[in-house]
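Order of the sequence lines sets the chain letters (A, B, ...), proteins ahead of strands, with each chain counted from 1.
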Amino acid sequence: MPVLSVNHLKHVFGSGELAVTALEGIDFAVEEGELMALLGPSGSGKSTLLLCISLILTPTAGSIELGGETVYADGWAHKEARRLRREKIGFIFQGHNLIPFLTARDNIMLSLELNGVGRRQARQRADELLAYLEVSHRADALPGRLSGGEQQRVAIGRALANEPPLILADEPTASLDTERGGRVMDLLKRIARERNSAVIVVTHDERMITGFDTVRRLRDGQFLQTLDREQR
Amino acid sequence: MDLAVKDVRRHLGKFLATIAGVGMLVAIVLIMNGIFQGNIADGIWLIDNTRADLWVVERDRGGPFNESSRIPTDSYRSVAATPGVAQASPFISYAVQREIGGREQQFTIIGYDVFGGLGGPGRIVAGRPIRRAHYELVADQKLGLSLGQRVRLGIHDYTVVGVTRGAVDSGGNPLAYLSLPDAQEVLYQQDNRALDVQRARDRQRLEEAGYLPAEVNRLLPLLGGGSTTISAVLVVLEPGADRAAVTRHIERWLYLSAYTTEQERDLMLEGKLKKMTAILGVFRTLLLIVAIVIIALLIYVLTMEKVRAIATLKIIGAGNSVIVRLILEQALVLTLGSFAFGCALTIATQDKFPRNLVLLPEETLLTFIIMLVGGVVASMTGIWHALRTPPSLALGG
């Protein structure tokens with residue numbers, strides 16, 4: 001069963017003469033452990049698609065299934081979007097978006113505690129993740145004291161905390177130099193392989209997508225091209 | 001995990017500075033409350049302290065404090081003879097500006113019958129009341145005099161035998177108690193030069209009226225001014241005496257006015273104190289509003305600073321309760337901390353204030369409740385904004 005299944009997705013902003021179709025005819029599925037890149041220029045619909053998959057924006061038409069559970073269907077939206085996001089999706093942002101007044105460890109623990117994990121267990125899990133991401137030595141540092149690469153690793157740790165089946169990464173290397181960006185991408189690939197999570201990476205940097213299982217190109221709200229590893 | 005506490009700890013210096021700033025504003029509100037109540041307390045303290053059943057003053061005057069009143073000294077004997085009167089004491093109250101204790105000061109001289117009469121000093125914190133007919137003085141500590149100190153008033157020296165604290169007139173000026181004859185001398189005694197000038201003026205008036213020199217010399221001593229007036233007669237009624245009947249008798253037969261202590265207080269509250277009380281009342285209301293508005297703005301700004309973090313919290317699945325708690329807890333900490341700081345500052349500076357500050361616990365509590373409710377209501381704006389923050393704000397650069 002696919003982790004994510006998107007069918008005939010359509011989203012229109014505005015109405016009447018001012019209506020702008022941001023997405024149309026979007027169909028795809030992502031399997032466990034699959035690493036998918038979503039490429040496209042500005043205005044191609046990448047962000048709108050990401051918002052729809054993140055359960056933030058209700059699509060105009062079509063359906064989305066997350067882990068076999070229907071979350072959208074032709075205008076109907078699941079009422080517990082926040083719970084589904086918390087349990088089933090891990091987010092990695094372009095600007096890291098760590099909570100600035102929480103330490104690296106607390107940022108990861110917060111995600112766990114929001115999901116009902118006890119404090120002691122959350123701390124243990126956070127320390128494990130920090131070790132996995134090789135930032136244990138920065139556990140007590142506030143985000144402002146971390147380098148860009150360290151912040152992104154902690155953000156990845158937070159995304160992984162609840163072991164979600166789907167990880168969405170929005171331009172995760174945009175604020176990093178090529179070397180650090182490459183390391184973050186390697187880490188995401190490792191996560192997909194080792195933890196069997198489906199990872200969708202939105203990016204505009206083609207250099208970063210080497211080794212991805214699937215690459216989908218968006219233009220004007222429609223998939224222009226879909227290539228698997230062999231086709232590339 | 002308590003996000004509010006984590007945020008406060010992260011920005012402790014900034015938060016403490018904010019609390020100190022708002023706390024100072026709270027202190028100003030509390031001090032204004034204290035001045036407001038102190039103004040009323042000072043205004044009526046002398047009336048309450050006197051414990052007279054009736055105040056007999058110059059006819060149709062609102063004296064002796066709200067309006068000046070001068071009646072003959074011996075009128076207290078006539079009042080004492082009124083049926084139903086147990087005791088009648090002469091009393092003088094007069095605001096002056098004289099050099100005392102080495103500096104020019106405004107104060108009020110109180111003259112009273114030191115041998116068992118009413119109107120003597122209250123709130124004595126050192127020394128004793130006046131026990132001798134002359135040259136003893138009881139002064140409020142605001143005058144800066146110490147026990148045993150000799151001070152010159154008029155043409156005599158007086159020894160400070162007692163010191164009071166908080167014995168002030170309606171304007172907050174300190175009181176100086178003297179025996180009645182001493183007070184009359186200090187207030188009305190003219191020096192020799194002034195007497196010469198007055199006598200020359202009287203002589204000229206008599207001569208212009210056609211009196212012969214021998215008649216002028218005979219009449220002149222009769223025109224000389226004497227220490228013969230007092231401000232009021234303080235009355236204690238006999239048990240069971242009809243207050244209204246005594247008042248009617250005094251007004252009808254002695255051609256004076258008589259007020260009960262309640263009426264005397266009303267005269268003060270509706271007269272001398274009314275405008276100042278109204279002004280202070282408006283000021284404290286405005287200050288309270290300003291304090292609440294500033295707390296509201298601070299909470300709003302604190303929320304706005306965290307808007308991206310709030311969006312991130314939403315996107316990682318935090319419920320509204322987590323966000324509301326974050327904002328509300330900070331609003332409470334800010335309000336409680338500021339109020340505690342303001343209270344401590346007010347209490348610490350209370351005695352150093354030039355005016356008497358009366359901090360009523362129930363009024364302080366009410367101010368606290370108003371500020372707390374105001375702070376919580378104000379934080380609703382921040383909460384409303386936070387709950388409307390789209391999670392999508394966390395996406396993008």
Side-chain angles (χ1 to χ4, degrees), chain A residues 42 46-48 50-52 54-57 80-103 105-119 122-123 126 142-145 155 158-159 161-162 164 168-171 174-175 202, chain B residues 1-19 298-299 301-334 337 382-383 386-397:
Chain A
S42 273
K46 295 193 306 280
S47 296
T48 307
L50 196 69
L51 288 172
C52 291
S54 312
L55 318 184
I56 291 169
L57 193 64
E80 294 186 301
R82 254 186 235 192
R83 180 186 61 77
L84 289 169
R85 266 207 302 274
R86 200 164 59 219
E87 292 173 356
K88 298 198 171 180
I89 307 173
F91 289 91
I92 301 165
F93 307 95
Q94 179 179 338
H96 322 313
N97 284 23
L98 295 174
I99 306 295
F101 48 85
L102 299 181
T103 62
R105 180 189 287 118
D106 284 344
N107 262 286
I108 298 174
M109 282 175 69
L110 173 67
S111 199
L112 289 157
E113 287 185 20
L114 287 175
N115 223 16
V117 178
R119 189 164 177 72
R123 188 186 168 96
L142 290 164
R145 300 271 180 189
R158 180 177 65 188
N162 291 310
L168 297 177
D170 180 26
E171 303 271 10
S175 56
V202 173
Chain B
M1 186 179 300
D2 195 323
L3 293 177
V5 172
K6 295 270 183 188
D7 188 28
V8 169
R9 281 174 59 183
R10 163 80 175 86
H11 303 103
L12 193 59
K14 183 179 156 190
F15 207 77
L16 288 179
T18 307
I19 282 181
L298 281 171
I299 291 166
V301 168
L302 283 173
T303 309
M304 288 302 98
E305 281 176 351
K306 286 191 281 290
V307 77
R308 199 175 167 92
I310 288 168
T312 306
L313 283 171
K314 284 187 172 184
I315 216 166
I316 65 173
N320 285 345
S321 61
V322 174
I323 294 157
V324 170
R325 192 176 154 200
L326 167 66
I327 297 165
L328 203 57
E329 267 185 32
Q330 287 198 344
L332 290 175
V333 170
L334 183 67
I383 289 169
L387 295 182
R388 280 173 55 96
T389 300
S392 55
L393 195 70
L395 300 174

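Proximity of a side-chain donor or acceptor of A/Arg86 to a complementary backbone N or O of B/Gly317 within less than 3.5 Å is detected.
Rounding to the nearest 0.5 Å places CD1 of A/Ile99 at 12.5 Å from CZ of B/Arg10.
For the set A/Pro100, A/Ser111, A/Ala81, the entry with the most heavy-atom pairs within less than 4.5 Å of chain B is A/Pro100. Heavy-atom pairs under 4.5 Å with chain B peak, among A/Leu102, A/Val202, A/Thr103, at A/Leu102. Between chain A and the options B/Lys6, B/Arg9, B/His11, heavy-atom pairs under 4.5 Å are most frequent for B/Lys6.
In this structure, the portions of A/Leu110 lying under 4.5 Å from any heavy atom of chain B include both its backbone and its side chain. Contacts between A/Asp106 and chain B at a heavy-atom distance below 4.5 Å involve backbone atoms as well as side-chain atoms. Only the side chain of A/Glu113 comes within contact range of chain B, judged by heavy atoms closer than 4.5 Å. Contact of B/Lys314 with chain A is made through backbone and side chain together, with heavy-atom distances under 4.5 Å. Proximity to chain A involves both the backbone and the side chain of B/Leu3, based on heavy atoms less than 4.5 angstrom apart.
Between B/Asn320 and A/Arg82, some side-chain heavy-atom pair lies under the 4.5 Å cut-off. A 4.5 Å side-chain heavy-atom check between B/Thr312 and A/Arg158 finds at least one atom pair inside the cut-off. Side-chain contact between A/Arg85 and B/Ile316 is absent, with no heavy atoms from C-beta onward closer than 4.5 Å.
Across A/Phe91 and B/Ile315, no two heavy atoms sit closer than the pair CE1-O, 3.3 Å.
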